[in-house]
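All remarks here apply to the structure that follows.
Chain identifiers are assigned alphabetically (A, B, ...) following the order of the sequence lines, protein sequences preceding nucleic acid strands; residue numbering begins at 1 within each chain.
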Amino acid sequence: MIDKRVASLADAVEGVADGAIVLVGGFGAAGVPVELVHALLEQGARDLTIVTNNAGAGETDVAALIREGRVRKIICSYPRSAGSIWFEEFYRAGNIELELVPQGTLSERMRAAGAGLGGFFTPAGADSLLSRGKEIRVIAGRRHVFEEPLQGDVALVKAERADRWGNLVYNKAARNFGPTMATAATLSVVQVREFVELGDLDPEAVVTPGIFVDRVVEVAG
Amino acid sequence: MIDKRVASLADAVEGVADGAIVLVGGFGAAGVPVELVHALLEQGARDLTIVTNNAGAGETDVAALIREGRVRKIICSYPRSAGSIWFEEFYRAGNIELELVPQGTLSERMRAAGAGLGGFFTPAGADSLLSRGKEIRVIAGRRHVFEEPLQGDVALVKAERADRWGNLVYNKAARNFGPTMATAATLSVVQVREFVELGDLDPEAVVTPGIFVDRVVEVAG
Amino acid sequence: MTVAPLSHADMAARVAQDIPDGSYVNLGIGMPTLVGDVVSDGKEIVFHSENGILGFGPAPAPGEEDWELINAGKQPVTLATGGCYFHHTDSFMMMRGGHIDVTVLGAFQVSERGDLANWATDDAHLPPAVGGAMDLAVGAKRVLVLMMHTTPDGRPKLLQECSYPLTAAAVVHRVYTELAVIDVGPAGFVVREMVAGLSREELQQRTAAPLGFADEVGVLVPSGR
Amino acid sequence: MTVAPLSHADMAARVAQDIPDGSYVNLGIGMPTLVGDVVSDGKEIVFHSENGILGFGPAPAPGEEDWELINAGKQPVTLATGGCYFHHTDSFMMMRGGHIDVTVLGAFQVSERGDLANWATDDAHLPPAVGGAMDLAVGAKRVLVLMMHTTPDGRPKLLQECSYPLTAAAVVHRVYTELAVIDVGPAGFVVREMVAGLSREELQQRTAAPLGFADEVGVLVPSGR
């Protein structure tokens, strides 16, 4: 019997270790697993590497993790959003490490991890400072940079509905990084607005098959 | 105004050039765009390179193209299905070139083309004869082989329903290579069982967004 | 200079003229988003947003915002009939894989070889941020730049070499400013159109690379909007 | 030898015992598909098919076949409640990416280091064919081999080195034959279970690599099925 549903947010993030690489979904405010991130804050893991598109804004979710000194390093594409005050403060003080990655490369590196690939060549960023120190190869007359897979220990993802097998569907543009992050972490944890019965999701329209999901928790709203 | 629907199978394959690389969907009998392949036979293009999982069986579709001497080379993972008599006859006589590719690598190479990547390292086949002459790299302690993108001039795909923008949904396991092939060809041609009105497909459940599709033709049954 | 430069709205409208019916278009954040407001008269254009939308429509009416339906600039949008959703990795397949017909981007600098600098300045005070700029710049079939001709303090942004870090090399096809429409090609910058009343010398003064001129240079006339 | 070897059904049942409840399982074509028929008593197992199905069920009743719902062996199947469809590239992400818990594969040869040869023989008469074997062999968390102990003409299939072309090196965890259950590990082949009445010497005679034996070697008893 497969039942990936857990009863509480605390159960959902149980066991995340100090030093973990944590993939956090969301683009802007859409698809951010706010409650899971707050549960991680409660849970207490430290020295984290956070992989996420933005660096948090205001006082919630990733910004709160940074404020509380839990984040050693952030791997992201766009840490300069309006309201990213905690990231900026820690960054200027040299208290957080930043690895800046072009957004498509960020997503593709996680996919490579999920897909069992050893890395890939991309033209994105190959002419830029962001390829410094990396292997450059001219392929079909064009510069490409070699990028490595990016595997997480934990993924925190927000979806719309899940069944007990962990099959997921998302809502509109809140889908963003979720499906890829779920494939790329050893432990994939998902908050959903609603649990549904097994068989209620259209098999043609499941976005994340349950094989990529380990725990699901229901968070209304 | 975007309208990718064409009136006939002949219109759908119009312009395919001699020497073209043609991606043909399907796994076993499921998802094979039989009528499009027969239209290509009628259309007359020669010296083709066919990329497809199997090598055709019986007297129809890819087997018919081979029988009529239109196929210079086949790139596939499993040409030894029951009934692949025309492939086997041409192969033994040295009248067709075979590039054998592990199935996941075949699909991933087409995806790399569709995704604008310059290639990737995979562990699949790295210990095998199929990596002979290719770059081998040990990544994270494991042998990987470098694989190049595989771009088609034309893709022939079978789907279930399309709207005039070329958005597609598929039927069950007939989906197989279709969504990837549609991304990987300069000209993507799709046969569908049914045209629907724009807006009739669930935006959360579109499998192939129309951006990857150039022509759609309705073939009942 | 007594000439009247184009307004932002006119600049956006001029870009929109060059986008063919049926195009798949990605608009960068900032001024390029204005192009979306003026492009649709008679044309069916499909707008792509990097966060997983193909075919988004205009902003919703106030009070109708859905914060899970936003564009790359994190502003609420709507979904056009025929639009659909997909995940980030698929979205960047479209961008990097040559499936987007046209992208309109802002820029800090463009070089005469078409090099684009639009992600970082020499201001070390700010943390660097790149977003999807590099993927889009290398992947779109046609890269159009929409920007002011000079910086607010009057320094040229069209240069022989970019001094700011590159986003991508040799990718820009055409630049639209408040003063001119300029092609970027093997011959460097070639002016196609200039705003009414501006002399070639005046335009060259504001540009830090030699300008070529088309045989017939068109005239840009402000609409008054 | 007077011992009764296991039947194919018994061999499949023995494999099924080792598949934990809740596993994601890919069964190779041929004998491994038998495992699907015997695994389900009390366990919820999700079967993966390389052509884009997770959670397929048993064959449909005659006349109910849907030829767009087939498994990797091109036989009609059904979809279990909770199953879903996806495309080939995503399917191979699951296989190569370490998401499949267990795969059960047939083999021509297995070496004492766990090398697997199951895609090509030395018969140059046949065109080569590989399918998904290499992706699955490198990617599944646990690779189980289900095969006869020797070839039809009596040659060993468990060897020091494979003579046939490799599918993948050092990937096999355990081998199930009609005579024994054998682990493959740092110490080479270690026999865990043997069929009733067979001596260690008789098993060794049929195996072309030195066999170790577990402290307690279990007994396999044919069911008569």
Side-chain angles (χ1 to χ4, degrees), chain A residues 1-5 107-120 149-153 155 159 161-170 175 178-188 195-216, chain D residues 19-26 39-57 66 68-69 77-103 132 134-143 168 171:
Chain A
M1 166 86 169
I2 299 169
D3 193 349
K4 297 180 178 180
R5 295 170 298 181
S107 195
E108 191 71 23
R109 285 181 60 194
M110 289 187 281
R111 178 190 180 270
L117 300 175
F120 56 90
L150 177 52
Q151 168 84 26
D153 297 304
R161 278 184 291 281
D163 59 30
R164 67 176 171 84
W165 280 16
N167 293 309
L168 305 179
V169 294
Y170 297 80
R175 188 183 301 193
T180 299
M181 287 180 169
T183 70
T186 308
L187 177 72
S188 289
F195 286 145
V196 297
E197 290 301 309
L198 199 68
D200 280 1
L201 299 176
D202 177 358
E204 299 280 5
V206 167
V207 174
T208 294
I211 192 170
F212 297 124
V213 173
D214 297 292
R215 299 178 187 165
V216 197
Chain D
I19 299 180
D21 188 18
S23 297
Y24 293 92
V25 175
N26 184 300
V39 81
S40 55
D41 40 327
K43 294 179 189 171
E44 196 171 45
I45 304 294
V46 181
F47 290 105
H48 172 267
S49 189
E50 67 191 19
N51 53 322
I53 316 173
L54 193 64
F56 68 82
D66 177 347
E68 296 196 333
L69 179 46
V77 293
T78 50
L79 192 72
T81 300
C84 65
Y85 305 108
F86 35 84
H87 64 59
H88 238 82
T89 311
D90 281 350
S91 185
F92 277 80
M93 280 187 73
M94 297 178 191
M95 294 161 72
R96 199 181 40 230
H99 306 284
I100 303 287
D101 295 309
V102 179
T103 186
M134 292 182 180
D135 304 273
L136 199 48
V138 300
K141 285 183 200 154
R142 207 167 153 76
V143 176
V171 294

Original post:
Side chains of D:Met94 and A:Pro209: closer than 4.5 Å at any heavy-atom pair?
Top reply: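 Side chain of D:Met94 against side chain of A:Pro209, heavy atoms only: contact under 4.5 Å found.
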In Å and rounded to the nearest 0.5 Å, what is the [atom1] to [atom2] distance from [X] to [Y]?
X        : Y        : atom1 : atom2 : value
A:Leu117 : D:Phe92  : CG    : CZ    : 12.5 Å
D:His99  : A:Thr183 : NE2   : OG1   : 5.5 Å
D:Lys43  : A:Ile2   : NZ    : CD1   : 12.5 Å
D:Asp90  : A:Ile211 : CG    : CD1   : 11.5 Å
A:Phe212 : D:Tyr24  : CZ    : OH    : 10.0 Å

Contact class of A:Arg111 relative to chain D, heavy atoms under 4.5 angstrom: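 Answer is both: backbone and side chain atoms of A:Arg111 are under 4.5 Å from chain D.
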query: Among D:Ser23, D:Gly22, D:Gly98, D:Gly82, which has the most heavy-atom pairs under 4.5 Å with chain A?
result: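 Heavy-atom pair counts peak at D:Gly82.
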### Message
Whether the side chain of A:Asn167 engages the backbone of D:Gly83 through a donor-acceptor N/O pair (distance < 3.5 Å, no angle test) should be reported.
### Response
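Answer holds: no.
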When only pairs under 4.5 Å are counted, which of A:Gly199, A:Pro203, A:Gly210 shares the most heavy-atom pairs with chain D?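 Max contact count across the listed options: A:Pro203.
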